[in-house]
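Please read all numbers here as calculations on a predicted model, not as lab measurements. Numbers restart at 1 for each chain; the letters A, B, ... are given by sequence-line order, proteins then strands.
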Protein chains: 2
Amino acid sequence: MSKPITTPQLTPDHTELVILSLLREGPSYGYAISKLVAARSEEAFKVGPSQLYPLLTKLEKQGLVETDWEEIKAKSAGPDDNGRKRKWYKLSAKGQRRLQQRIEAHQRFTSIINSFIAGSEATGAVA
Amino acid sequence: MSKPITTPQLTPDHTELVILSLLREGPSYGYAISKLVAARSEEAFKVGPSQLYPLLTKLEKQGLVETDWEEIKAKSAGPDDNGRKRKWYKLSAKGQRRLQQRIEAHQRFTSIINSFIAGSEATGAVA
DNA sequence: TTGATATATATCGGTTGCAGATATATACGA
DNA sequence: TCGTATATATCTGCAACCGATATATATCAA
């Protein structure tokens with residue numbers, strides 16, 4: 001028995017759509033995003049570290065998100081560099097436009113897939 | 001300038017859904033399927049030979065399709081083996097069940113993606 | 001008749017993208 | 001103190017796919 005069919009995997013484009021959608025609700029950071037994607041999808045979508053961090057870096061390079069380091073101080077903290085850090089990602093104006101494009105692209109995608117599912121009834125072809 | 005955003009790519013699961021959907025309308029063969037996918041999707045989806053033939057072979061091995069060779073005879077044809085051939089694919093009962101599963105999985109997929117797009121409004125979270 | 005294009009199936013080779021593992025470091029509860 | 005959770009990041013290998021290539025025939029126009 002192989003694993004049962006639940007949902008198709010995320011393409012890179014769909015992953016970007018999901019992450020930009022989350023960031024539209026407010027800034028977040030890698031670990032939280034990863035957990036949120038799993039929780040909101042009822043574990044259907046999973047974005048692991050090896051997928052997430054390179055993608056976030058790419059979004060940053062493209063100017064779709066702006067980043068900000070938060071120092072999570074331990075009890076005592078000198079001016080050292082070793083404390084735990086949290087990298088916040090905030091949707092930029094460019095990112096919002098990209099999100100809108102991804103949403104529209106997804107709607108076209110869904111529409112075409114549905115036309116295949118509907119089949120000949122929808123195309124006028126003879127059955 | 002990179003290519004404009006049109007639709008996300010097809011995952012293997014979505015490609016299978018599209019091809020099984022086409023075969024539900026009646027038997028077809030590789031080249032015709034490739035052309036049909038492009039035509040019906042207004043060129044948004046493209047399934048080239050290197051993607052299509054391995055996939056069709058896989059579907060055949062899984063018993064989702066049944067195959068049948070058609071000899072396309074030239075004007076003269078002895079009992080030779082060199083004539084052009086056409087390999088027909090017909091959806092099996094098992095393939096029909098698989099298609100139904102893929103359709104349901106796609107609907108779950110769409111539903112989850114839409115919930116991300118809808119965002120906080122749909123989740124009860126504070127904006 | 002010759003050449004270009006379409007039909008038809010199939011494989012190969014390089015690139016991309018990701019899953020799983022590993023690495024590092026801290027916080028917290030049992 | 002030991003395991004789990006938080007938090008970011010890279011590495012290694014594998015699988016999938018795009019583009020090209022291969023082979024062979026049919027068709028149509030010049």
Problem - Pair B:E66, B:S92: side-chain N/O donor-acceptor within cut-off below 3.5 Å - result: no
Fill in the blank from the handout: Separation of D:dT25 atom P from B:Y29 atom OH, nearest Å, is 18 Å
Exercise for the section: Return yes when atom CD of A:E42 has more than 12 non-hydrogen atoms of other residues, nucleotides or ligands closer than 6.0 Å, and no otherwise. Expected result: no
Handout entry: Candidate pair A:R102 and A:D13, rule salt bridge (Lys or Arg N to Asp or Glu O under 4.0 Å), full reasoning
Key = CA-CA 7 Å; A:R102 290 272 177 239; A:D13 283 356; 3.5 Å; yes
Handout entry: Whole-Å distance separating the NZ atom of A:K58 from the C1' atom of C:dT16
Key = 11 Å
Completion exercise
note: B:E70, atom CD; D:dT25, atom C1'; distance rounded to Å ~ 14 Å
Problem - Closest to side chain of A:W69, choosing from C:dA10, C:dA6, D:dT8 - result: D:dT8
Handout entry: Distance, rounded to the nearest Å, where B:D13 contributes CG and D:dA15 contributes C1'
Key = 14 Å
Problem - Length of the NE2-P vector between A:H14 and C:dC18, whole Å - result: 14 Å
Problem - Value in whole Å for how far the P atom of D:dT4 lies from OH of A:Y31 - result: 13 Å
Problem - Per B:K87 side chain, nearest of listed nucleotides D:dT8, C:dA10, C:dT7 - result: C:dA10
Handout entry: Side chain proximity check, A:I33 to A:V47, heavy atoms < 4.5 angstrom
Key = no
Problem - More than 12 heavy atoms of other groups within 6.0 Å of A:E104 CD - result: yes
Exercise for the section: Mind calculating the distance between NZ (B:K85) and C1' (D:dT25) to the nearest angstrom? Expected result: 13 Å
Practice task
Between C:dT7, C:dA10, D:dT8, spot the one nearest the side chain of B:Y89, thanks.
Solution key: C:dA10
Handout entry: Results of ring-ring contact (aromatic ring centres under 6.0 Å, His included) for B:F109 - residues two or more places apart only
Key = A:H14, A:F45, B:H14
Practice task
Check DNA chain C against residues 45-57 of chain B and give the residues with a non-hydrogen atom under 4.0 Å, in numerical order.
Solution key: B:P49, B:S50, B:Y53
Problem - B:E70 and B:K87: CA distance, side-chain angles, deciding distance, salt bridge (Lys or Arg N to Asp or Glu O under 4.0 Å) verdict - result: CA-CA 6 Å; B:E70 176 193 4; B:K87 194 175 184 181; over 6 Å; no
Fill in the blank from the handout: note: B:Q9, atom CD; D:dA15, atom P; distance rounded to Å ~ 21 Å
